[in-house]
Every structure is written in structure tokens, then in C-alpha cells.
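Reading through the C-alpha cells given below for one structure.
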Amino acid sequence: MITRFALFEGAVKPGHQDAFRAAVKDRLVPLWTQFPGATNVDVMFGDDRDEGAPEFPLMLAITYENEAGMESALASPFRSQSRDVTGEIVAEHFDGRIHHHVTELNRYPT
């Protein structure tokens, strides 16, 4: 299994936190959950961090069985739509950058 993260590094514009979170939940989550090959979509909103740590108001983690599944999602129309919607949301509510990381998922029961 692999997980592809989208890390929103920066800050939500002052007074926009509720609107930013609502836009992600209402406009992006419905697209992300339709990515072909995705087994899990985890959306995490940053609430607190260590002193001096960079701010990540949003972290998206989409898990796939394998790289072929991820590539299918990245080539899908849902991904294209989500990029357009993300651009609109970022322009209105967010100052920063978005970067992606692909990781090997290792899950251990507790």
C-alpha cells in the first residue's frame, strides 16, 4: 500500500478558517473520494503544532493498493477537477504552497 500526501504549508488567510474548512469538505472531499483506486481518503486540519514548526492547515492523505492505482487516480477527470477547485479555494482562503509526497504505508494495530 502507498499513501500520497498533499501538504498545504502556509496559513489560512485571517478570518477565513471556517470558510476554508467548509470549502474543502463541501467541494474537494466529494471529488477526492471518487479517485479511482483510492482505498482511503484522510483529511486532516491542523489545530496545533510545536513551537517553531511550520504550519500545515491541511494535510490530505490518499491511500492506494499500489502505484498503478495511484497513477489511475492522477490521470482521472476527478483529479483534474480537484486541481481546478483547489486553485479557487487557495486563491480565496490560503497563503502558502502545496507539495506532494508518496510514502510506503506500514500500519500496525495497537
Side-chain angles (χ1 to χ4, degrees):
M1 304 262 293
I2 60 174
T3 300
R4 185 171 190 264
F5 286 88
L7 303 175
F8 288 63
E9 182 178 7
V12 173
K13 293 177 182 178
H16 288 239
Q17 182 164 328
D18 290 343
F20 174 74
R21 290 182 177 198
V24 169
K25 289 177 188 175
D26 296 343
R27 298 181 63 199
L28 287 171
V29 169
L31 295 171
W32 293 334
T33 56
Q34 293 183 73
F35 279 18
T39 61
N40 284 3
V41 175
D42 296 301
V43 176
M44 296 145 288
F45 294 107
D47 285 331
D48 197 10
R49 64 188 186 282
D50 291 342
E51 184 177 329
E55 186 173 353
F56 292 96
L58 174 62
M59 293 165 276
L60 166 67
I62 302 180
T63 301
Y64 304 92
E65 288 289 332
N66 51 43
E67 191 170 335
M70 181 182 72
E71 293 301 327
S72 175
L74 295 178
S76 77
F78 297 111
R79 175 26 170 41
S80 180
Q81 287 176 302
S82 77
R83 291 186 77 186
D84 292 342
V85 172
T86 297
E88 294 169 10
I89 292 170
V90 164
E92 187 173 352
H93 303 295
F94 179 73
D95 289 319
R97 67 187 186 121
I98 303 167
H99 45 99
H100 297 87
H101 301 262
V102 177
T103 64
E104 176 185 318
L105 174 63
N106 295 278
R107 185 170 284 150
Y108 303 97
T110 57

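When a residue number appears, it is its place in the shown sequence, counting from 1.
- To the nearest 0.5 angstrom, M1 atom CE is 6.0 Å from R107 atom CZ.
- Considering every non-hydrogen atom in both T33 and P30, the closest pair reads OG1-O, 3.3 Å.
- A donor-acceptor pair under 3.5 Å is absent between the side-chain atoms of T3 and the main chain of T103, judged by distance alone.
- Within a 6.0 Å radius of CZ in R49, more than 12 heavy atoms belonging to other residues, nucleotides or ligands are found.
- Remark: E67 CD to I2 CD1 distance equals 5.5 Å, nearest 0.5 Å.
- Across every non-hydrogen atom of D42 and M44, the tightest pair is O-CE, 3.6 Å.
- Counting non-hydrogen atoms of other residues, nucleotides and ligands closer than 6.0 Å to CG of N106 gives a total above 12.
- F20 and F45 have perpendicular rings, their planes meeting at more than 60° on a 0 to 90° scale where under 30° would count as parallel.
- Residues L28 and M59 do not share a hydrophobic cluster, clusters being chains of Ile/Leu/Val/Met/Phe/Trp/Tyr side chains in contact below 4.5 Å.
- Side-chain N or O atoms of T39 include one that pairs as donor or acceptor with a backbone N or O of T63 at under 3.5 Å.
- Note: L105 CG to E65 CD = 10.0 Å, rounded to the nearest 0.5 Å.
- Here the NE2-CG distance, from H93 to L58, works out to 12.5 Å after rounding to the nearest 0.5 Å.
- Taking each heavy atom of A61 and F5 in turn, the nearest pair found is CB-CE2, 3.5 Å.
- V90 is connected to V85 through a chain of hydrophobic side-chain contacts under 4.5 Å among Ile, Leu, Val, Met, Phe, Trp and Tyr, so both are in one cluster.
- A chain of hydrophobic side-chain contacts below 4.5 Å, direct or via other Ile, Leu, Val, Met, Phe, Trp or Tyr residues, connects F78 to I98.
- When every heavy atom of A38 is checked against every heavy atom of I62, the shortest pair comes out as CB-CG2, 3.7 Å.
- Taken together through direct or relayed side-chain contacts under 4.5 Å among Ile, Leu, Val, Met, Phe, Trp and Tyr, F35 and V24 form part of one hydrophobic cluster.
- Judged by distance alone, the side chain of H16 and the main-chain N or O of E92 form a donor-acceptor pair under 3.5 Å.
- Here the closest heavy-atom approach between residue P36 and residue Y64 is recorded as O-CE2, 4.0 Å.
- Side-chain atoms of H99 and E9 include a donor-acceptor pair closer than 3.5 Å.
- A 6.0 Å sphere centred on CD of E71 holds more than 12 heavy atoms belonging to other residues, nucleotides or ligands.
- The neighbour count for D84 CG, taken as heavy atoms of other residues, nucleotides or ligands under 6.0 Å away, is above 12.
- Taking 4.5 Å as the limit, some side-chain heavy atom of V43 sits within range of a side-chain heavy atom of W32.
- Judged purely by atom type and a 3.5 angstrom limit, S76 uses its side chain to pair as donor or acceptor with the backbone of A73.
- Checked by atom type and distance alone, the side chain of K13 pairs as donor or acceptor with a backbone atom of A91 at under 3.5 Å.
- In this structure, T86 contributes its side chain and S82 its backbone to a donor-acceptor pair below 3.5 Å.
- Residues V41 and V102 share a single hydrophobic cluster, defined by chaining ILVMFWY side chains whose heavy atoms lie under 4.5 Å apart.
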